[in-house]
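Below is one structure; the comments refer to it alone.
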Amino acid sequence: MDVSKQSLTIVIPNWNGVEFLKKCITSVVKAIDIYGKDCEIIVVDNASSDESIDYLNNNFPQVRIITLKENLGFAKAMNIGIRQAVSPIVIGLNNDTIADKDFIAPLVNHFSNNGDIFAVAA
């Protein structure tokens, strides 16, 4: 796989985490800008009752939001987001993550080392 041109999807499950998302999404957008490739951000919202959806819609229109009707938990929300990803490489993050600006390329680069790589963890 030629990862020098590889796009990716970042999936972030959320439940009533608007305060976390403010820092998380901002840091992820900066990291994507530095990575320099087309990337997709998916937030899978577990039926939040806070302002999470409004915040994302008003501040990050590029974020794709999947809204669940009930809280299915982290793992199911992550799996739903992964199934909706358009890219073959998916990075899963918690909504309370503050991403380092250079975190993407070192992870993606591992996929060029060996065709047998399935997953990489930071």
Side-chain angles (χ1 to χ4, degrees):
M1 175 185 305
D2 180 8
V3 296
S4 65
K5 299 175 184 171
Q6 189 62 52
S7 66
L8 59 95
T9 299
I10 298 175
V11 176
I12 305 166
N14 178 65
W15 180 71
N16 288 335
V18 67
E19 293 304 318
F20 293 127
L21 288 174
K22 289 177 181 178
K23 294 178 183 174
C24 177
I25 300 297
T26 299
S27 70
V28 168
V29 168
K30 287 179 186 176
I32 288 170
D33 287 344
I34 288 170
Y35 180 61
K37 310 290 185 287
D38 290 330
C39 297
E40 171 186 43
I41 302 170
I42 297 175
V43 171
V44 182
D45 188 76
N46 270 313
S48 291
S49 58
D50 69 358
E51 301 83 32
S52 294
I53 302 299
D54 288 339
Y55 173 76
L56 291 171
N57 283 329
N58 292 331
N59 295 284
F60 297 99
Q62 74 271 38
V63 171
R64 187 168 151 208
I65 304 166
I66 299 171
T67 305
L68 304 179
K69 293 180 182 181
E70 62 181 308
N71 185 348
L72 299 179
F74 178 86
K76 286 186 179 179
M78 181 63 74
N79 285 333
I80 289 167
I82 290 169
R83 277 190 232 109
Q84 294 295 314
V86 297
S87 301
I89 295 177
V90 177
I91 296 175
L93 296 177
N94 291 337
N95 67 347
D96 62 349
T97 301
I98 299 174
D100 184 79
K101 63 182 173 58
D102 298 316
F103 91 102
I104 297 173
L107 294 174
V108 175
N109 287 339
H110 286 286
F111 289 96
S112 66
N113 295 337
N114 181 336
D116 295 332
I117 300 293
F118 172 75
V120 177

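Below, each value reflects all heavy atoms present in this structure, side chains not excepted, and no hydrogens, waters or symmetry copies.
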Mind checking side chain to side chain contact (heavy atoms under 4.5 Å, CB included) for [X] and listing every partner two or more places apart, or none if nothing turns up?
| X | value |
| --- | --- |
| A47 | none |
| N57 | I53, I65 |
| F103 | I10, A31, I91, L93, A99, D100, L107 |
| D54 | N58 |

Validation row: L8, Y35 side chains within 4.5 angstrom (heavy atoms) |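 They are in contact (side-chain heavy atoms under 4.5 Å apart), so the answer is yes.
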Which side-chain hydrogen bond (donor to acceptor under 3.5 Å, both in side chains) pairs, counting each pair once, include a residue from residues 62-79, with sequence neighbours left out?
->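 Listed by first then second residue: E40-R64, R64-Q84.
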Qualifying side-chain hydrogen bond (donor to acceptor under 3.5 Å, both in side chains) pairs with a residue from residues 21-30, counting only residues at least two apart or across chains =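 Sorted result for residues 21-30: E19-K22.
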For G17 and N95, which heavy atoms make the closest approach, and how far apart are they?
->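 The answer is CA-ND2, 3.7 Å.
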With ILVMFWY side chains joined below 4.5 Å, transitively, what does [X]'s cluster contain besides itself?
| X | answer |
| --- | --- |
| L68 | V11, I42, V44, I66, L72, F74, M78, I80, I82, V90 |
| I98 | none |
| F20 | none |

Report the distance from atom CD1 of I32 to atom CD1 of I41, rounding to the nearest 0.5 Å.
->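 Rounded to the nearest 0.5 Å, the CD1-CD1 separation comes to 3.5 Å.
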Quick one: list whatever passes side-chain hydrogen bond (donor to acceptor under 3.5 Å, both in side chains) with S48, sequence neighbours left out.
->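 N14, D45.
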State whether the side chain of D50 and the backbone N or O of S52 hold a donor-acceptor pair below 3.5 Å, judged by distance alone.
->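 A pair under 3.5 Å: yes.
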Say whether, by atom type as modelled, one donor and one acceptor occur between the side chain of N16 and the main chain of S49 under 3.5 angstrom.
->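 Checked: pair present.
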Do W15 and F60 sit in the same hydrophobic cluster, where Ile, Leu, Val, Met, Phe, Trp and Tyr count as joined when their side-chain heavy atoms come under 4.5 Å apart?
->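 Different clusters.
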Kindly determine whether I25 and V43 satisfy side-chain contact (heavy atoms from CB on, under 4.5 Å), including the steps that lead there.
-> CA-CA 9 Å; I25 300 297; V43 171; 4.0 Å; yes
